[in-house]
Amino acid sequence: MRVLLFGREGKVGSVLMSSLAAAGHDVEGVEIGEPVDATGFDAAVDFTAPLAVRGNAVTALSAGVPCVIGTTGLTEEALAELDALAREQRVACFVAANFALGAVLMMRFAAEAARSFPQAEIVELHADTKLDAPSGTAKATALLMGGDVPIHSVRLPGLVAHQEVILGGLGETLTIRHDTTSREAFVPGVLLALDRVRGLPPGLTVGLDALL
Ligand code: NAP
């Protein structure tokens, strides 16, 4: 596939540049401020910053190019706008807060465990360069667990992306933990999304779970 990658030089983008090419895709990377013509691409991938997503999505979707968006920190309004834009252009737009397969399983297990424990809290830990808090994964996990789950955010150098869901009950606790030790963890999920995005209905699809 011909893939347009927004965020070429970012921590995730730079890993994707080489990994998507190694998987056989023809990847063209774009950095902030560079002119873009999305015509002729099969899909666009965005790992940039919350304020950059709308412009990048408009560029891709208005050229009829489906989008795979990994950038987090998007508000409900921003997601609704992406949905409207994608429907208007009759193109699919896929958004996932976490492309690591283990993180998707962690969310599933946490949702299941929440049915058996009266209380739970989430601790999410990320690199100090992450712009948004709490993380999109923590918010999505809390929602799957029924909504009322406190989230604690830790930002420190040396961390990549980690999350613990701690559930407490009478005389016991259960901890479900996922650790991303390198940004290569996001590659299989992005490849899966690229493989599927053209078959998705027009408008927004949210979460890797929807593709598994
Ligand atoms: P990063 O290292 O700051 O990379 C972002 C890159 O995007 C930077 O090179 C930045 O350039 C560039 N950029 C900003 N605006 C742009 C635009 N309009 N067009 C093209 N490029 C633009 O951040 P990161 O760690 O790679 O993460 C990027 C995003 O992905 C964050 O929102 C993060 O939370 C999210 N993320 C998601 C997942 C997931 O699984 N969904 C996993 C990891 C990270 P400048 O440096 O010049 O501004």
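Whatever order the structure lists ligands and atoms in, that order sets their numbers, starting from 1.
Residues L212 and L192 are in side-chain contact: their nearest non-hydrogen atoms beyond the backbone lie under 4.5 Å apart. Between N98 and L208 the shortest side-chain heavy-atom distance does not fall below 4.5 Å. A 4.5 Å side-chain heavy-atom check between V123 and H162 finds every atom pair outside the cut-off.
Assignment of A97 to the shell around ligand 1 is supported, since a heavy atom sits closer than 4.0 Å.
Numbered from 1 in the order shown, with element, the atoms of ligand 1 that lie under 4.0 Å from a heavy atom of N98 read 39 (C), 40 (O), 41 (N). For ligand 1 and A52, the ligand atoms under 4.0 Å from any heavy atom of the residue are 15 (N), 16 (C), 17 (C), 18 (N). Near V30, meaning under 4.0 Å from one of its heavy atoms, ligand 1 places the atoms 20 (C), 21 (N). Applying the 4.0 Å criterion to heavy atoms of G70 picks out, from ligand 1, the atoms 30 (O), 35 (C), 36 (N), 37 (C), 38 (C), 39 (C), 41 (N).
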Does D37 form a side-chain hydrogen bond (donor to acceptor under 3.5 Å, both in side chains) with T39? I'd like the steps, not just the answer. CA-CA 6 Å; D37 180 2; T39 318; 2.5 Å; yes
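Of the options F47, F99, F6, the smallest heavy-atom separation from atom 40 (O) of ligand 1 is shown by F99.
At the shortest separation from atom 29 (C) of ligand 1 among protein heavy atoms lies T48 O, 3.3 Å. Looking from atom 25 (O) of ligand 1 to the surrounding protein, the closest heavy atom is K11 CE, 3.4 Å. At the shortest separation from atom 6 (C) of ligand 1 among protein heavy atoms lies G10 CA, 3.7 Å. For atom 26 (O) of ligand 1, the closest heavy atom belonging to the protein is V12 N, 2.9 Å. Nearest protein neighbour of atom 9 (O) of ligand 1, counting heavy atoms only, is E31 OE2, 2.9 Å. Shortest contact from atom 32 (O) of ligand 1 to any protein heavy atom: T72 N, 3.1 Å.
Side-chain polar atoms of T48 and D46 form a donor-acceptor pair below 3.5 angstrom. A donor atom on one side chain and an acceptor atom on the other are found under 3.5 Å apart for H152 and E121.
Checking only distances, F186 never comes within under 3.5 Å of ligand 1, N or O to N or O. Checked against a 3.5 angstrom limit, the closest N/O atoms of K130 and ligand 1 fall inside it. Of the N or O atoms in G13, none lie within a sub-3.5 Å distance of an N or O in ligand 1. Considering backbone and side-chain atoms together, A96 places an N or O closer than 3.5 Å to an N or O of ligand 1. Polar contact check, A49 against ligand 1: no nitrogen or oxygen pair lies under 3.5 Å apart. The N/O atoms of I32, backbone and side chain alike, include one that comes under 3.5 Å of an N/O atom in ligand 1.
Among the candidates L191, V95, V3, V45, the single residue satisfying the side chain to side chain contact (heavy atoms under 4.5 Å, CB included) test with V68 is V45. Considering E124, Q163, R108 in turn, Q163 is the only one that fulfils the side chain to side chain donor-acceptor pair (under 3.5 Å) rule with T141.
Residues E28 and R8 are not paired through a salt bridge, judged by the lack of any N-O separation under 4.0 Å between the basic side chain and the carboxylate. Note on D132 versus K130: salt bridge recorded, some NZ/NE/NH1/NH2 to OD/OE distance being below 4.0 Å.
Closest non-hydrogen pair, P118 versus G168, comes out as CD-O, 3.3 Å.
Contacts with ligand 1 closer than 4.0 Å are made by no heavy atom of L131, backbone or side chain.
Judged as a side chain to side chain contact (heavy atoms under 4.5 Å, CB included), and not counting sequence neighbours, the contacts of A96 are F94, F99.
Less than 4.0 angstrom separates atom 11 (O) of ligand 1 from at least one non-hydrogen atom of the protein.
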